[in-house]
Amino acid sequence: MKIIDTKFESQTVTNNMESTRLDFPILKLKVNNKPLVYLDSAASSQMPQVVIDRLSYYHTAQHANINRGVHYLSETATAAYNAARCKLQQFVNAKEDREIIFTSGTTDAINLVMHGYGRKFIKAGDEIILSTLEHHSNIVPWQMLAEETGAKIRVIPINDAGELLIDEYEKLFNKRTKFVSLIHVSNSLGSINPIKSVIAFAHTHGVPVLIDGAQAAPHMSIDVQDLDCDFYAFSAHKLCGPTGVGVLYGKEELLESMQPFKGGGDMIATVSFEKTTYNTIPHKFEAGTPPIAAAIGFGTAIDYLSTLGLDEIHAYETDLLNYATEQIKQIPGVHIIGTAADKTAILSFVIDGIHPHDIGTLLNQDGIAIRTGHHCTQPVMQRFQIPATSRASFAFYNNKTEVDALVAGIHAVKQVFS
Amino acid sequence: MKIIDTKFESQTVTNNMESTRLDFPILKLKVNNKPLVYLDSAASSQMPQVVIDRLSYYHTAQHANINRGVHYLSETATAAYNAARCKLQQFVNAKEDREIIFTSGTTDAINLVMHGYGRKFIKAGDEIILSTLEHHSNIVPWQMLAEETGAKIRVIPINDAGELLIDEYEKLFNKRTKFVSLIHVSNSLGSINPIKSVIAFAHTHGVPVLIDGAQAAPHMSIDVQDLDCDFYAFSAHKLCGPTGVGVLYGKEELLESMQPFKGGGDMIATVSFEKTTYNTIPHKFEAGTPPIAAAIGFGTAIDYLSTLGLDEIHAYETDLLNYATEQIKQIPGVHIIGTAADKTAILSFVIDGIHPHDIGTLLNQDGIAIRTGHHCTQPVMQRFQIPATSRASFAFYNNKTEVDALVAGIHAVKQVFS
Amino acid sequence: MNAKSLYQEVILDHNRKPRNYGTLDDASHQAVGHNPLCGDRLDITLNLNDEHIDKIAFHGESCAICKASASMMTAAVKGKTYAYAETMIKEFRDMATGKLNLDNPHHLGRLTVFSGIQDLPTRVKCAILPWHTLHAALNSVAGASTEAEHDPANASTV
Amino acid sequence: MNAKSLYQEVILDHNRKPRNYGTLDDASHQAVGHNPLCGDRLDITLNLNDEHIDKIAFHGESCAICKASASMMTAAVKGKTYAYAETMIKEFRDMATGKLNLDNPHHLGRLTVFSGIQDLPTRVKCAILPWHTLHAALNSVAGASTEAEHDPANASTV
Ligand SMILES: Cc1ncc(COP(=O)(O)O)c(C=O)c1O
Ligand SMILES: Cc1ncc(COP(=O)(O)O)c(C=O)c1O
């Protein structure tokens with residue numbers, strides 16, 4: 001009864017998107033006797049009941065290892081796993097389902113491209129373009145490659161708002177440029193990069209582009225054919241799905257041309273000690289037993305998000321971001337880091353004289369969960385000459401009441417340190 | 001009521017181990033109107049309710065991204081994830097918890113060693129020893145390495161029972177021998193290899209040994225310090241845990257000496273475009289968001305198995321194997337493949353004139369789930385000059401009634417083809 | 001249709017007495033079909049004369065479903081034109097993957113006994129392999145051997 | 001103890017007026033503590049004279065918990081022997097990780113205000129960093145700078 005009342009109330013008070021929070025059991029938690037205010041969805045989103053139930057159902061009535069099994073459970077699990085792949089295909093509008101590779105996450109996906117494409121095609125003296133905004137998972141693999149091959153990394157700088165300097169980007173190109181790997185949305189600043197034109201420019205030089213979409217896919221609709229990106233990577237756990245699974249989209253020709261990343265079962269056609277031949281895509285890149293349950297749960301999460309509508313989610317979250325930005329920037333001594341014109345609902349800030357970790361610990365005392373630190377983007381921190389930020393990140397299940405709680409919490413933190 | 005009755009009944013009729021089947025909701029399924037007889041645990045085991053519930057609880061009350069989060073959920077999830085690591089440490093009796101690396105499975109674990117150890121230390125002309133019994137996941141990575149570096153693969157042959165020829169093994173050693181990677185228990189034949197002495201011999205030549213324990217860890221107690229293996233790999237989904245997570249145990253000094261496999265968040269200490277330093281183990285090898293929920297569920301599965309007792313599981317399954325072997329080998333035209341003196345409860349067989357796939361499909365008609373094919377061990381199939389086998393694999397939740405159902409099923413298959 | 005009745009109808013006859021089993025010495029076209037994941041292997045040889053399949057033969061090692069499918073296929077296409085065979089190939093593949101409405105006109109005749117295979121997804125490729133191989137053979141250069149596994153149509157079913 | 005009261009007790013005083021803040025020009029021992037994962041950095045310089053810590057100073061960039069811990073630590077170990085300081089280091093680390101029974105005799109005095117840190121696992125390393133750095137400094141070669149992150153004890157807490 002109570003739940004239905006609340007639902008009805010929230011629907012009338014604000015709008016439909018907000019009532020989604022009732023689908024997320026964890027949001028009913030109390031932390032330190034205060035209602036949980038979860039503002040850390042950029043690190044990992046929460047899971048709606050429908051996904052939790054899907055996982056339980058899979059383990060209760062459908063589990064077996066997939067592929068090659070002739071029995072009922074194996075056929076059921078295989079069909080569900082393949083269906084999840086098709087859902088992901090539709091979600092990003094890939095041309096073929098075999099262009100969707102299930103990985104263990106964004107990091108795994110980027111490493112797959114580094115090993116499968118980079119180690120095969122990038123040589124000493126070749127150049128790889130990244131940006132200052134990259135997450136470590138889109139820096140370190142390329143550094144490992146550079147160290148191994150003697151390739152060089154070139155970096156697109158950003159301005160004080162946290163926006164890519166497109167002129168500088170274009171100047172980086174030369175004959176040795178062989179790859180561009182770029183974050184779609186900055187996880188520490190929220191900046192949305194103009195990747196469509198960035199990709200188009202790289203293609204005029206015949207250079208393929210990988211997009212790290214970990215922070216974009218949860219918040220806006222993605223059309224890989226329209227973007228014309230060569231690779232696109234993201235993680236289920238930021239899209240209301242489980243940890244342990246992610247997706248690498250790749251254009252068929254490119255995936256076909258690549259060497260496998262991991263060797264093992266299912267990625268081979270024939271094996272003998274003399275000669276091994278590889279299976280077709282996507283199997284060539286899915287060695288061993290994949291995260292079957294997590295992939296199926298990912299599919300359900302995609303259904304859930306698609307029903308809400310990614311455009312609707314984006315609009316709702318933008319409204320929330322604008323509200324939060326207005327409130328926070330009025331607090332004396334608080335400075336927002338990342339003020340790009342085009343942003344997702346990520347709000348990084350620093351407070352004069354108070355270390356982010358102390359802010360995080362004290363907000364937690366009020367039930368407010370934010371993330372503090374370098375957010376795996378040390379080059380961004382270096383760019384702004386700060387050791388860390390406090391980051392509040394919003395999802396469609398957050399609401400303005402929670403923004404108000406954050407604002408009150410920041411005032412209380414300042415009080416402690418006054 | 002019904003469940004309690006059944007439990008009581010089964011406890012009195014046979015023994016305590018058998019009553020565990022009531023813990024597994026999937027075993028109550030009917031397939032084609034017949035009770036499910038699940039004899040495919042070597043491909044993937046089923047999940048007890050306590051693990052299913054642990055996953056739901058995690059997603060309902062504990063989920064956030066781990067490490068570096070100062071808020072309640074992140075601290076809770078981090079603590080649960082670290083506790084799972086400690087459970088795994090105890091499960092294999094590793095000296096330190098940091099010797100336990102969470103991977104996405106056995107395949108991922110072996111590839112980690114290939115990239116992290118092999119690509120750093122193994123050079124052209126060096127030799128790697130494998131055996132005919134290996135699963136593709138312990139062949140293909142080393143072939144990839146051999147192709148890249150010019151190293152050579154040497155193969156320990158087996159006899160007609162499916163046992164390693166230890167004399168031949170010892171003869172393979174020479175100054176160029178740099179690594180041994182060996183399956184502990186054959187997944188297609190069930191043979192238990194005498195790995196303790198195999199490892200000791202390799203160590204007399206100063207050669208490190210990786211053990212693929214995917215089929216051993218679920219069925220017998222493992223003590224990595226007693227075995228003195230350098231690496232030991234296995235997957236949760238064969239141990240009543242979730243898909244998408246596994247473990248690589250490695251000796252601390254070796255792990256420290258290795259290069260990272262995947263680059264990304266959490267595996268670094270500091271990152272700049274000029275210089276990146278890596279984190280300590282185990283973090284160096286856990287790039288990106290790990291399969292947090294699956295690792296925690298794995299821990300619960302380990303608790304469950306430990307309560308039953310691995311020695312008790314081994315004894316019960318051995319009894320079941322002996323019973324099944326006696327029954328099956330009496331059926332005219334049926335030949336058991338894999339008759340090692342020391343075996344786990346895996347029964348591979350062929351029937352004169354009937355293709356394994358047809359056997360599998362027809363048994364499924366009676367609700368009996370077996371696996372048919374090469375079981376990702378094509379060299380074993382080539383050794384026995386057969387394209388495929390039918391494989392029934394047993395777990396502690398199986399019972400003799402199910403063996404009887406299999407025997408009746410085989411008779412029925414023969415009938416169709418008579 | 002359940003698996004048992006599929007087996008009974010098809011197997012009893014064609015598995016024990018496969019039609020057109022063997023190899024043509026004077027084949028104008030041939031192909032080898034191979035399903036590496038289950039080990040099935042099938043050789044098809046045929047003589048195409050003035051657009052007609054004059055003679056056809058198959059042999060190989062495979063499960064009963066594959067063998068029966070091959071046997072019935074050879075019987076069905078013998079004497080038919082290239083175009084007719086290609087139509088049947090398409091119809092059979094559609095039927096096996098559940099995309100053919102059997103109420104509409106088609107050319108499959110008794111081969112509709114395989115319609116139940118769509119409920120056994122892992123076995124679909126067994127029933128289809130002979131048809132892929134026939135397709136490869138029909139489109140082969142005389143005497144050339146085509147690995148059907150490299151046929152994208154087949155590749156997507158393994 | 002909840003986080004707020006920990007902050008109030010410790011911060012009000014030591015965060016704003018850290019004791020022994022600065023650098024000794026004539027240090028006999030020194031070390032740099034660094035927690036790369038949260039950016040904290042701490043320099044400790046000290047003078048060890050006849051086994052006694054005659055003078056000690058710290059400076060750096062860190063959160064309030066780390067700074068207050070460093071400030072109180074320097075006050076506590078000043079004038080004490082090397083051995084006494086090492087005992088305190090061990091006791092503090094045990095307390096912060098919940099392994100010390102405060103009912104038994106110990107030498108931590110007012111530093112027990114940090115006992116609540118054990119309930120904030122991610123902050124434990126902030127409170128401990130000064131103590132690791134002190135340990136590194138005490139065991140450093142005169143004038144050498146030790147990165148505390150390479151201290152296995154510290155490494156295991158980052
Ligand atoms: C002996 C052996 N090694 C390795 C593997 C691969 O394990 P996974 O698929 O979980 O990576 C398996 C499982 O099929 C196996 O049985
Ligand atoms: C922009 C970006 N890229 C990559 C990642 C890495 O994702 P995962 O940890 O799921 O591999 C993240 C998540 O932290 C991210 O925000």
Side-chain angles (χ1 to χ4, degrees), chain A residues 25-26 29 31 40 43-44 46-47 52 55-56 59-61 63-65 68-73 104-105 107 111 136-137 139-141 143-144 153 155 237 242-245 262-265 268 270-273 276 287-289 291-294 357 360-361 364 369 371-373 376 378-379, chain B residues 25-26 29 31 40 43-44 46-47 52 55-56 59-61 63-65 68-73 104-105 107-108 111 136-137 139-141 143-144 153 155 237 242-244 262-265 268 271-273 276 287-289 291-294 357 360-361 364 369 371-373 376 378-379 382:
Chain A
I26 206 167
L29 274 191
V31 170
D40 195 21
S44 201
Q46 296 299 345
M47 193 180 271
I52 297 173
L55 294 174
S56 295
H59 290 124
T60 301
H63 173 64
N65 213 329
R68 292 166 292 105
V70 295
H71 60 77
Y72 166 78
L73 286 175
S104 64
T107 303
N111 280 276
H136 293 166
S137 64
I139 299 175
V140 185
Q143 287 184 322
M144 289 164 64
I153 289 169
V155 183
H237 72 92
T243 49
V245 69
K262 302 176 203 167
I268 57 90
T270 58
V271 170
S272 72
F273 286 107
T276 287
T289 305
I292 307 171
H357 279 6
T361 297
N364 182 56
R371 187 132 306 223
T372 62
C376 294
Q378 291 186 1
Chain B
I26 207 167
L29 274 190
V31 169
D40 195 21
S44 202
Q46 296 298 347
M47 193 180 270
I52 299 174
L55 295 173
S56 295
H59 291 124
T60 301
H63 172 64
N65 212 328
R68 293 168 290 106
V70 294
H71 59 78
Y72 166 79
L73 286 175
S104 64
T107 303
D108 193 40
N111 279 275
H136 293 165
S137 64
I139 299 175
V140 185
Q143 287 184 322
M144 290 164 63
I153 288 169
V155 183
H237 72 91
T243 50
K262 303 175 202 167
I268 56 88
V271 171
S272 72
F273 286 106
T276 287
T289 305
I292 307 171
H357 278 6
T361 296
N364 181 57
R371 187 132 306 224
T372 62
C376 294
Q378 291 186 2
Q382 287 152 16

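Reminder, nothing fancy here: chain letters follow the sequence lines and each chain counts from 1.
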Assert top hit (heavy-atom pairs under 4.5 Å, partner chain B, pool A:V31, A:D40, A:V70) equals A:V70
Looking only at heavy atoms and a cut-off of under 4.5 Å, which of A:P379, A:A64, A:G360 has the most pairs with chain B? A:P379
Nearest non-hydrogen partners of B:P141 and A:G263, listed with the distance: CG-O, 3.5 Å
Identify which of A:P291, A:A293, A:A294 forms the greatest number of heavy-atom pairs closer than 4.5 Å to chain B. A:P291
Is it true that a side-chain atom of A:S104 and a backbone atom of B:S104 form a donor plus acceptor pair closer than 3.5 Å? no
Between CD1 on residue A:I52 and OG1 on residue B:T60, distance to nearest 0.5 Å: 4.0 Å
So which residue, B:L29, B:T289, B:T372, B:I153, ends up with the most heavy-atom pairs under 4.5 Å with chain A? B:T289
Between CD on residue A:Q143 and OG1 on residue B:T276, distance to nearest 0.5 Å: 3.5 Å
Could you tell me whether a side-chain N or O of B:S137 sits under 3.5 Å from a main-chain N or O of A:G265, the two making a donor and an acceptor? no
Under 4.5 Å heavy-atom distance to chain B, tell me which part of A:N364 shows up: side chain, backbone, both or neither. side chain
I need the residue from A:G264, A:G105, A:G244 with the largest number of non-hydrogen atom pairs under 4.5 Å to chain B. A:G264
Whatever's closer than 4.5 Å to a heavy atom in chain B on A:V155 counts as side chain
Euclidean distance, A:I268 CD1 relative to B:Q378 CD, rounded to 0.5 Å: 4.5 Å
As an exercise, state the distance from CG of B:L73 to CD of A:Q46, rounded to the nearest 0.5 Å. 6.0 Å
What part of B:V271 gets closer than 4.5 Å to chain A, counting heavy atoms only: side chain, backbone, both or neither? both
Derivation and outcome, side chain to side chain contact (heavy atoms under 4.5 Å, CB included), residues A:N65 and B:R371: CA-CA 10 Å; A:N65 213 329; B:R371 187 132 306 224; 4.0 Å; yes
Once you round to the nearest 0.5 Å, how far does CE of B:M47 lie from CG of A:L55? 9.0 Å
Choice from B:C376, B:A287, B:A369 maximising heavy atom contacts with chain A below 4.5 Å: B:A369
Nearest 0.5 Å, please: how far is OG1 in B:T107 from NZ in A:K262? 8.5 Å
